[in-house]
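Accompanying notes for the structure given below.
Letters go in sequence order (proteins before strands), and every chain restarts at 1.
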Number of protein chains: 2
Amino acid sequence: MQDIDAIDRTILSILSREARIPMKSLAGRIGLSRSATTERVTRLEKAGIIRGYRADIGQLEEGQIQAFLLVTLQRTPSIGVLDRLAGFSSVRKVSSVSGQLDLVVEVEVGSINALNELRNEVATMDNVEDLTTSIVLRRGIERS
Amino acid sequence: MQDIDAIDRTILSILSREARIPMKSLAGRIGLSRSATTERVTRLEKAGIIRGYRADIGQLEEGQIQAFLLVTLQRTPSIGVLDRLAGFSSVRKVSSVSGQLDLVVEVEVGSINALNELRNEVATMDNVEDLTTSIVLRRGIERS
DNA sequence: CATGCATCCGGCAATATGCCGGTTGCACCG
DNA sequence: CGGTGCAACCGGCATATTGCCGGATGCATG
């Protein structure tokens with residue numbers, strides 16, 4: 001196969017909300033046999049469309065702190081910085097964005113100290129011009 | 001049960017990366033019987049610690065646009081705004097943060113037009129003082 | 001010491017999965 | 001045209017996993 005057709009889209013949308021659903025039930029919902037469904041899912045996994053399956057943990061571990069690092073670079077693109085950020089285990093997600101900012105980095109650390117250290121490391125990276133840290137006080141909704 | 005002990009933590013950390021793992025294998029890894037493991041997982045689900053299981057979709061749907069709305073409020077707390085934001089289906093995640101900003105809102109829309117409309121709606125909400133929109137150009141790593 | 005309760009274990013029937021051979025529709029080619 | 005290859009589908013059987021018990025154990029409580 002090659003392109004993602006309507007059936008694949010349905011599969012993705014179902015799995016993105018109910019990842020532990022049995023293949024048989026999934027097959028039932030999309031109107032295919034179990035084996036065909038499994039084949040499609042396997043393909044999607046191998047193609048990297050489905051990266052994995054995650055439990056959605058609602059409540060943070062005690063003492064875990066989430067924060068956003070809002071980064072402005074001296075010059076874009078951000079060669080190197082992205083890779084170096086990915087090297088930190090506390091970095092959860094990095095997005096390159098348009099506008100005044102260049103990067104939005106979501107991090108999760110065990111303490112304010114750890115956050116400060118991380119912040120300093122990132123701030124002193126080559127090419128980083130400005131860095132604002134916003135600690136997450138409260139999580140609202142979270143979908144998908 | 002009541003508090004989340006070390007075993008629960010292990011369960012969460014395993015499930016947050018491999019949500020489709022069979023309970024039997026999970027049990028093997030943490031050194032408990034299958035039934036005890038299933039019980040714990042069920043408890044975690046009912047307690048809302050595990051909110052659900054999601055397939056991690058790597059590639060965005062064609063034409064889908066992600067963006068961050070960085071919101072400053074006139075006065076905090078943000079009574080009302082959080083709820084109203086949650087009402088938009090395109091809003092993926094809302095975080096209350098400290099610092100100059102008050103809210104970081106992650107959204108995903110089908111078009112720039114839709115983003116603009118959303119932006120306008122949020123900007124004209126009562127209590128919203130300032131709003132910066134940053135479109136995601138590229139997604140870097142994403143963990144957990 | 002009895003009672004209640006949380007937690008654990010193992011077992012059996014019901015279900016789901018992995019793996020296979022077989023069918024179908026279709027494009028391609030001598 | 002018939003033959004070949006291929007992608008996608010189906011169903012079936014052996015094996016693995018789950019749901020759903022009953023029962024053991026440790027522990028706090030009256």
[X] has an atom [atom1]; how far is it from atom [atom2] of [N], in whole Å?
| X | N | atom1 | atom2 | value |
| --- | --- | --- | --- | --- |
| B/Asp5 | C/dT7 | CG | P | 9 Å |
| A/Ile4 | D/dA7 | CD1 | C1' | 17 Å |
| B/Asp8 | C/dA6 | CG | C1' | 13 Å |
| B/Lys24 | D/dG19 | NZ | C1' | 15 Å |
| B/Met23 | D/dC20 | CE | P | 14 Å |
| B/Glu18 | D/dT17 | CD | P | 14 Å |

Want to settle it: does A/Ile21 or B/Leu32 sit nearer the 5' end of DNA chain C, counting the closest nucleotide to each?
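Between the two, 5'-proximity favours B/Leu32.
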Nearest to side-chain heavy atoms of [X], which nucleotide of [options]:
| X | options | value |
| --- | --- | --- |
| B/Thr38 | D/dG19, D/dT18, C/dT7 | D/dG19 |
| A/Arg43 | D/dC9, C/dG18, D/dT18 | D/dC9 |
| B/Arg34 | D/dA8, D/dG19, D/dT17 | D/dG19 |
| B/Glu39 | C/dA16, D/dT17, C/dC8 | C/dC8 |
| B/Ser33 | D/dC9, C/dC9, C/dT17 | C/dC9 |
| A/Ala36 | D/dC10, C/dC8, C/dA16 | D/dC10 |
| A/Arg40 | D/dT18, D/dC9, C/dA16 | D/dC9 |

B/Arg20 vs C/dT17: side-chain N/O to OP1/OP2 distance below 4.0 Å:
yes
N-O pairing of [X] and [Y] below 4.0 Å:
| X | Y | result |
| --- | --- | --- |
| B/Arg40 | B/Asp5 | yes |
| A/Glu106 | B/Lys93 | yes |
| B/Glu45 | A/Arg20 | no |

Contact between B/Val109 and B/Ile65 at the side-chain level, heavy atoms closer than 4.5 Å - yes or no?
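Contact flag for B/Val109/B/Ile65 side chains = yes.
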For A/Glu129, does the CD atom have more than 12 heavy-atom neighbours from other residues, nucleotides or ligands under 6.0 Å away?
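More than 12 within 6.0 Å, yes.
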Would you say the side chain of A/Ser35 and the base of C/dG18 hold a donor-acceptor pair, judged only by whether the two atoms sit under 3.5 Å apart?
no
